[in-house]
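Both counts, for ligands and for their atoms, begin at 1 and track the order of listing.
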Amino acid sequence: MCAYIYDLNALAGHVRSVVAALPARCRMFYAMKANSAEPLLQTLAPIVAGFEVASAGELAKARAAAPDAPVIMGGPAKTERAIAAALAAGVRRLHVESVLELHRVAAVATRLDRTAEVLLRVNLTGPFPEATLAMAGRPTQFGIQEPTLPAALQLARETSRVRVVGFHLHSVSNNLSARAHLAMLAHYRDKVLAWEERFGLRCEVLNLGGGIGIDYTDPTRRFDWAGFSTGLGRLVRDTFPRHWQEIDFECGRYLVADCGQYLTEVLDIKRNHGVTYLLVRGGTHHFRLPVSWQHSHPFTVLPVERWGLEAPRPEAHGDPVTVVGELCTPKDVLAGNVPVQRVRAGDVLAFQQAGAYGWEISHHDFLSQPHPEQVFFPVSQG
Ligand SMILES: *Cc1c(COP(=O)(O)O)cnc(C)c1O
């Protein structure tokens with residue numbers, strides 16, 4: 001037994017409440033790279049403002065799942081082909097990450113006889129709230145650094161085929177503090193106000209990125225979305241100028257992490273050199289998130305009574321266990337040194353909060369083992 005199981009009703013309920021709490025002018029896009037499975041996209045399309053894609057492949061999936069859903073496109077290294085696909089498909093806005101990319105967008109727009117609406121993605125100078133990944137405020141490949149911004153804006157002025165309507169500021173990932181996130185948005189506001197003043201421009205659209213977190217070490221601890229939305233409402237109403245007409249968010253993890261579980265059967269249990277190992281049918285080629293983030297992923301044991309073998313059934317109880325997969329590498333670890341009450345070979349482990357960056361980021365064909373099933377509830381009637 002090895003499967004990803006998704007609860008689409010729970011997904012719809014969660015995202016509806018997230019969107020409903022957003023204040024005026026704010027819109028929630030779904031960052032598709034977290035999980036681009038078609039049933040998720042179809043569930044989300046009527047609820048979110050649209051999809052954020054980062055490749056022509058994701059764009060094609062968005063169009064196939066929900067042909068009319070608005071799409072915005074990011075990505076740090078876009079080819080001319082991807083830009084052309086975006087413009088031809090009517091992508092609403094491109095998030096441009098360098099001066100050369102702005103040239104590239106202008107060239108493609110000229111060739112296709114269109115005008116491209118763009119946001120400039122800026123890699124800000126910090127400080128930022130604590131979060132597990134930082135995309136800005138330190139050297140990374142993302143966005144345009146602040147000292148280069150004048151050159152990008154100058155080029156935009158000279159290029160009639162490109163209309164810069166605002167800025168894109170995605171700087172953190174997996175931030176768990178609503179207060180810290182609001183502080184970061186206030187920092188963004190101050191930056192954009194200063195640029196408007198300094199460069200004599202009027203921003204119409206701001207994209208404040210994603211990065212709302214999930215606490216994988218303690219699933220009962222939640223990002224305070226209600227408190228965040230209230231604070232955001234105050235921030236936007238009282239301190240964002242009226243001409244900032246549209247405030248976009250593009251969240252991935254926070255929207256879809258909870259709706260998916262990864263279930264995998266315990267094939268064997270053994271002790272080696274003092275450590276109790278649970279060896280499961282799957283592993284990090286299906287679910288790379290825990291190694292990628294170097295955490296022990298939370299799981300529950302689903303007892304299975306059936307045991308068909310004429311052999312003693314190994315079990316562990318009370319001891320800390322390390323959960324490893326079927327790959328021939330010591331790095332294939334899903335959870336390390338976790339106490340469990342009782343687990344037997346043949347039981348199933350259910351890894352929670354596996355809906356975001358689970359299957360999507362994994363190296364599926366390493367060792368050529370069979371893929372897990374993908375099961376979506378409720379099962380579509382179509
Ligand atoms: C990955 C990504 C997101 C989504 O991030 P989450 O942490 O999943 O919310 C949003 N915007 C950009 C540009 C990204 O690269």
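Between His371 and His286, the angle of the ring planes goes over 60°, which puts this pair in the perpendicular group of the 30/60° scheme. Ring geometry for His364 versus Trp359: interplanar angle under 30°, hence parallel rather than tilted (30 to 60°). Ring pair Phe228/Phe223 is perpendicular by interplanar angle, where above 60° counts as perpendicular and below 30° as parallel.
The proximity of Ala34 to ligand 1, defined as any non-hydrogen pair under 4.0 Å, does not occur for either the backbone or the side chain. Proximity of Arg121 to ligand 1, defined as any heavy-atom pair under 4.0 Å, is confined to the side chain (atoms from C-beta onward).
The ligand atoms of ligand 1 that sit less than 4.0 angstrom from a heavy atom of Arg253 are 6 (P), 8 (O), 9 (O). Of all the atoms in ligand 1, the ones that sit under 4.0 Å from a non-hydrogen atom of Gly211 are 5 (O), 6 (P), 7 (O), 9 (O). Atoms of ligand 1 lying under 4.0 Å from any heavy atom of Gly210, numbered from 1 in the order shown and given with element: 9 (O), 10 (C). Every atom of ligand 1 with a heavy atom of Cys251 under 4.0 Å away is listed here by number and element: 9 (O). Each of the following atoms of ligand 1 lies closer than 4.0 Å to a heavy atom of Gly252: 4 (C), 6 (P), 8 (O), 9 (O). Atoms of ligand 1 lying under 4.0 Å from at least one heavy atom of Tyr357, given by number and element, are 1 (C), 4 (C), 5 (O), 6 (P), 8 (O). Using a 4.0 Å cut-off to heavy atoms of Ser173, the atoms of ligand 1 that qualify are 7 (O).
When only interatomic distances are considered, the shortest N/O to N/O separation between Glu250 and ligand 1 falls below 3.5 Å.
Comparing heavy-atom distances from atom 3 (C) of ligand 1 across Met73, Glu52, Lys33, His95 singles out Lys33 as nearest.
Thr264 and Arg281 form no side-chain donor-acceptor contact under 3.5 Å, judged by distance and modelled atom types alone. Checked by atom type, the side-chain pair Thr322/Asn337 shows no donor-acceptor distance below 3.5 Å. Using modelled atom types, one finds a donor on one side chain and an acceptor on the other under 3.5 Å when comparing Thr125 with Glu146.
Tyr357 and Trp293 have their aromatic ring centers separated by at least 6.0 angstrom. Aromatic pair His297/Phe287: ring centres closer than 6.0 Å.
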